[in-house]
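Below is one structure, written out as structure tokens; the observations come after it.
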Amino acid sequence: MKDAAPQKIYLSDYQVPNYLVEDVHLTFRLAPESTRVLSRITFRPNPEASSKDFFLHGEDLKLISTKIDGAAVTPDLVVGGLACAVPDATFVWEAEVEISPATNTALEGLYMSNGMYCTQCEAEGFRKITYYPDRPDVMSVFTVRIESDLPVLLSNGNPVASGEGFAEWHDPWPKPAYLFALVGGELINHPDTFTTKSGKEVELNIYVRPGDEGKCAFGMEALKKSMIWDEEVYGREYDLDIFNIVAVDDFNMGAMENKGLNIFNSSCVLASAETSTDMNFERIEAIIAHEYFHNWTGNRITCRDWFQLCLKEGLTVYRDAQFTADMRSEPVKRIEDVIALRARQFREDNGPLAHPVRPDSFVEINNFYTATVYEKGAELIGMLKTLVGDAAYYKALDLYFDRHDGDAATIEDWLTVFEESTGRDLTQFKRWYEQAGTPRLAVEESYEDGTFTLTFSQSTPPTPGQDQKDPRVIPIAVGLLNPNGDEVVPTTVLEMTEATQSFRFEGLTARPTPSILRGFSAPVILERASSNAERAFLLAHDTDPFNKWEAGRALARAGLVKMILNGAAPDGAYLDAVLQVLRDDSLDPAFRALALGLPSQDDLAQTLVDQGHTPDPQAIYEALETLKMAMATHMQDVLPRIYAQYQVTEPYQPDAEQSGARSLANAALSLISRVDSGTAAQAQYDSADNMTQQLAALAALLTAGKGEQAVAAFYEQWKEDRLVIDKWFGLQISLADPANAAEVAAALTQHPDFTMKNPNRFRATLGALAMSPAGFHRADGAGYKLLADWLIQLDPLNPQTTARMCSAFETWKRYDCDRQALIAAQLDRILAQEALSRDTQEMVSRIRNA
Ligand code: 0A1
Ligand code: ZN
């Protein structure tokens with residue numbers, strides 16, 4: 001039964017559960033279209049509840065029978081579940097239901113992927129498996145029996161028994177239903193072991209489809225590194241005898257932290273040099289760490305309700321970023337993260353989908369697994385750490401783990417731990433969780449008699465449902481440089497608490513150049529009048545790698561804006577400055593590759609809007625192309641030298657050093673290909689023995705207009721490898737001429753390998769179009785129409801993925817009236833669909849009502 005009228009749920013309506021669960025026994029008799037699920041659940045009235053009503057969530061279930069304390073009962077089937085009269089004492093509930101995993105295309109609950117049974121229960125998928133209080137504050141110990149002839153049968157916790165046609169699992173750690181998992185299939189195991197610091201032996205396994213066993217070794221190493229890191233940095237050990245990871249091809253998100261049985265989108269765990277790029281390796285390492293770290297931040301301490309999602313996600317993203325910084329390069333990771341934060345979270349925060357890190361209402365919780373909850377949530381942890389200092393941060397975390405282990409906690413609990421352990425009042429800091437929108441931070445400067453004064457003013461634009469914003473506490477990391485480029489004041493954290501506030505630096509001998517918001521110490525937009533000369537100075541001299549990179553980016557952006565608006569020529573000062581960086585062999589190659597990168601089309605569109613202009617997507621695209629061509633000619637003498645110097649001759653390793661060298665060489669190749677008709681790219685394509693080199697060469701060939709042959713050869717070589725073919729779909733669209741990107745995408749949807757049932761393939765195709773602004777926003781609306789056509793087709797099959805992809809339209813109010821009208825027509829067409837999912841309905845109407 002499906003909700004007829006979508007209902008808004010409010011944080012302020014939170015009520016404790018009426019019944020608590022003491023234990024759960026589940027038996028699964030697996031069959032593709034008629035799996036039987038038998039549940040035996042011990043319920044106890046919650047002494048803290050004010051109501052005795054008994055309600056269990058349930059969706060898409062065929063109810064076979066129900067009993068209470070062994071006697072048959074007839075519950076009332078109501079929208080979203082069932083209600084029943086129950087004893088006013090502890091009782092045993094038994095139910096048998098039937099479900100159909102083979103026809104479950106939503107990939108939520110129990111479903112099948114390539115003959116394998118698997119589950120996805122976060123956020124509210126368990127209710128599609130059996131009747132249950134499907135809310136995170138109901139925690140219980142689970143015992144699971146799986147009956148099937150399949151050779152591998154897995155669930156959470158430790159294995160307790162297995163035999164011909166069955167396996168039993170017991171998870172001793174009480175958990176909410178969203179962490180339940182089950183897997184059944186013909187899978188191959190990549191095993192290993194780990195000994196925890198207190199000497200406990202843990203069996204580790206990565207289960208994959210036959211044929212993928214050669215792609216597990218890297219993931220296993222990443223898992224062991226994560227386990228050691230969490231012991232060393234946070235003092236957290238693993239707590240079961242076994243830790244299983246399973247790779248599945250059809251999955252809506254990246255991966256899922258189910259207790260002791262993490263389930264991964266295969267794109268986020270399978271890796272080999274031949275089929276994965278350096279970026280893939282880095283991402284896989286981070287996601288394995290992320291899911292593993294959830295064992296403490298999410299599983300041992302979970303969320304009281306879904307409004308508290310950032311409690312586990314913000315903290316776990318922060319932890320995985322720390323891990324990546326430790327494994328690789330801290331500045332490079334920070335720059336990459338800020339690029340992504342601005343591209344996704346600032347964009348979200350600035351449009352109709354803006355919401356607080358802890359939202360106060362939602363219709364469909366699946367729509368709130370957002371960049372704001374995850375990435376801005378992580379920024380808040382970073383700010384908190386900056387404000388209290390490292391030692392106090394780890395002391396507070398120890399108290400958090402101590403006090404809340406086994407709890408379903410709230411943001412209030414989290415902040416109280418910090419208040420108690422540091423003596424700090426965090427009332428103002430809490431606004432970061434409650435107020436949506438990205439604060440603008442304006443700066444004014446004065447210098448007199450050796451005293452330099454910085455005056456900051458903060459303001460946050462209105463966001464949906466929130467017009468008024470109060471000043472937040474903002475940690476602003478600042479350093480000062482002398483005119484000769486020496487640092488006279490090292491990084492100092494200014495703590496801004498007022499709407500407008502001044503900070504003084506005394507005893508200076510000359511007017512300094514400030515380097516503000518070092519390390520991107522707060523997720524704000526810095527509004528500071530700056531000259532190109534000053535930007536070039538900071539790019540050359542700043543000791544803070546983030547701000548050094550930021551100065552180069554600002555210089556590029558300023559030049560591009562002039563090119564777009566006035567048809568100006570590429571800025572010679574920028575070209576010289578970036579050439580200096582490129583030539584400077586004392587700088588990390590990965591950093592130099594990032595410094596060669598340009599602001600994205602989307603970034604430039606927003607910059608133009610902020611300056612009061614209406615962006616023309618095609619003009620933005622052309623300016624970027626012109627600038628890249630100018631870079632290629634301006635640096636013509638140096639690029640081949642860099643390209644040759646940074647070729648890796650040792651056997652392939654996906655580590656920071658090698659991947660840094662490759663990223664610089666390939667950034668050079670991408671520019672070289674604009675002036676050498678693709679000769680160097682073809683040579684690299686022909687000799688490549690790893691995917692990083694092969695894909696970079698293919699991209700360069702496509703850019704040079706010489707990709708046709710390589711595109712065909714690439715398909716022939718990789719047609720059996722679905723993850724590589726995803727790249728093949730995506731690249732052709734993202735590098736197509738914007739004038740026919742929509743046609744390229746449309747043609748690829750007709751390719752025999754296109755299927756909308758696989759979210760990775762759907763995203764590789766339609767997502768690639770949506771993320772290519774000039775092609776997507778083509779003036780005739782072909783891009784909009786194509787995306788809407790496919791979203792309408794996908795929605796009945798997979799609401800979650802459909803809804804997430806609707807965010808392609810979230811920036812629509814930036815554009816001219818004609819484009820706005822074309823987009824509005826597509827949004828209205830989606831909204832007019834009969835039986836539109838609650839997920840998509842909520843997303844599209846929020847966007848439409850902008
Ligand atoms: N908790 C997971 C992400 C996740 C969320 C929802 C899902 O289905 C709707 C699946 C995965 C994580 O943070 O990795
Ligand atoms: Zn997570």
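Count residues from 1 along the sequence. Read the numbers this way: they start at 1 and go in the same order the structure lists the ligands and their atoms.
- Between Glu379 and Arg334 there is a salt bridge, since a side-chain N of the basic residue sits under 4.0 Å from a carboxylate O of the acidic one.
- Looking at Glu842 and Asn367, their side chains do bring a donor and an acceptor atom within 3.5 Å of each other.
- Looking at Trp173 and Asn299, their side chains never bring a donor and an acceptor atom within 3.5 Å of each other.
- Applying the side-chain hydrogen bond (donor to acceptor under 3.5 Å, both in side chains) test to Thr416 and every residue at least two apart in sequence or in another chain returns nothing.
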May I have the N/O to N/O pairs between ligand 1 and the protein that fall below 3.5 Å, each with atom names and distance to one decimal?
| residue | atom | partner | partner atom | Å |
| --- | --- | --- | --- | --- |
| ligand 1 | 1 (N) | Glu122 | OE1 | 2.6 |
| ligand 1 | 1 (N) | Glu257 | OE1 | 2.7 |
| ligand 1 | 1 (N) | Glu313 | OE2 | 3.2 |
| ligand 1 | 8 (O) | Gln120 | NE2 | 3.3 |
| ligand 1 | 8 (O) | Glu122 | O | 3.0 |
| ligand 1 | 13 (O) | His290 | NE2 | 3.2 |
| ligand 1 | 13 (O) | His294 | NE2 | 3.4 |
| ligand 1 | 13 (O) | Glu313 | OE1 | 2.9 |
| ligand 1 | 13 (O) | Glu313 | OE2 | 3.0 |
| ligand 1 | 13 (O) | Tyr374 | OH | 2.7 |
| ligand 1 | 14 (O) | Ala255 | O | 3.2 |
| ligand 1 | 14 (O) | Glu291 | OE1 | 3.1 |
| ligand 1 | 14 (O) | Glu291 | OE2 | 2.6 |

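- For the 3.5 Å distance criterion, the side chains of Tyr369 and Glu122 qualify, holding a donor opposite an acceptor.
- A donor and an acceptor atom, one from each side chain of Tyr14 and Gln308, are nowhere located under 3.5 Å apart.
- With the Zn ion (ligand 2) as the vertex, NE2 (His290) and NE2 (His294) define an angle of 100°, rounded to 10°.
- A cation-pi arrangement is absent between Lys224 and Phe194 under the rule of less than 6.0 angstrom and at most 45 degrees off the ring axis.
- Looking at Glu313, its N, O or S atom nearest to the Zn ion (ligand 2) turns out to be OE1.
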